[in-house]
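Okay, so here's the structure we're looking at.
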Amino acid sequence: MKVLLGLTIWALLFVICWPAAIIVLIMWPVIWVLSIPFRIVGIVVDASLALIKSILFLPSRLLGHKTHT
């Protein structure tokens, strides 16, 4: 669904202002490559918070608290 929406928006931009649509088409891979470090930082932060959560909840799990899933 995201791809279809993105393609529709790009096609609309192409109809309205084709030079801007071509620039977006050329710049998209560059923007994607520049966003990779931010994705890696997000993964590291998420993993760090999961580790802290598991350390904080370790005593309750050792005492036999059941989690509801």
Side-chain angles (χ1 to χ4, degrees):
M1 191 68 184
K2 280 182 161 181
V3 176
L4 183 61
L5 183 65
L7 185 62
T8 305
I9 291 172
W10 183 82
L12 184 64
L13 180 65
F14 188 78
V15 169
I16 294 172
C17 182
W18 66 268
I22 299 298
I23 289 172
V24 166
L25 194 62
I26 292 170
M27 292 301 292
W28 186 256
V30 175
I31 293 169
W32 184 81
V33 167
L34 289 176
S35 72
I36 290 175
F38 296 107
R39 293 179 188 204
I40 293 172
V41 168
I43 292 169
V44 169
V45 167
D46 188 40
S48 300
L49 291 175
L51 176 66
I52 291 170
K53 179 183 174 184
S54 65
I55 290 171
L56 289 175
F57 286 118
L58 181 63
S60 67
R61 285 189 289 146
L62 290 176
L63 293 175
H65 183 265
K66 304 279 191 222
T67 58
H68 299 288
T69 56

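This structure is a prediction, so every number in the text was calculated from the model and none was measured.
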Evaluate the criterion side chain to side chain contact (heavy atoms under 4.5 Å, CB included) for residue pair R61 and L58; output intermediate values, then yes/no. CA-CA 5 Å; R61 285 189 289 146; L58 181 63; 3.9 Å; yes
Once rounded to the nearest 0.5 Å, what's the spacing between atom CG of L4 and atom CE of M1?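 Those atoms lie 6.0 Å apart.
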If you measure from CG on L13 to OG1 on T8, what distance do you get to the nearest 0.5 Å?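 Going from the CG atom of L13 to the OG1 atom of T8 covers 12.5 Å.
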[X]-[Y] co-clustered via ILVMFWY side chain contacts under 4.5 Å:
X   : Y   : result
I52 : F57 : no
L12 : L5  : no
I22 : V24 : yes
W18 : I26 : yes

Please table the atom pairs, donor to acceptor, closer than 3.5 Å between any side-chain atom in residues 27-47 and protein atoms at least two apart or in another chain.
from	atom 1	to	atom 2	distance (Å)
S35	OG	W32	O	2.8

Of all heavy-atom pairs between A21 and W10, which one has the smallest distance, and what is that distance?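 Closest approach of A21 to W10, heavy atoms only: O-NE1, 2.9 Å.
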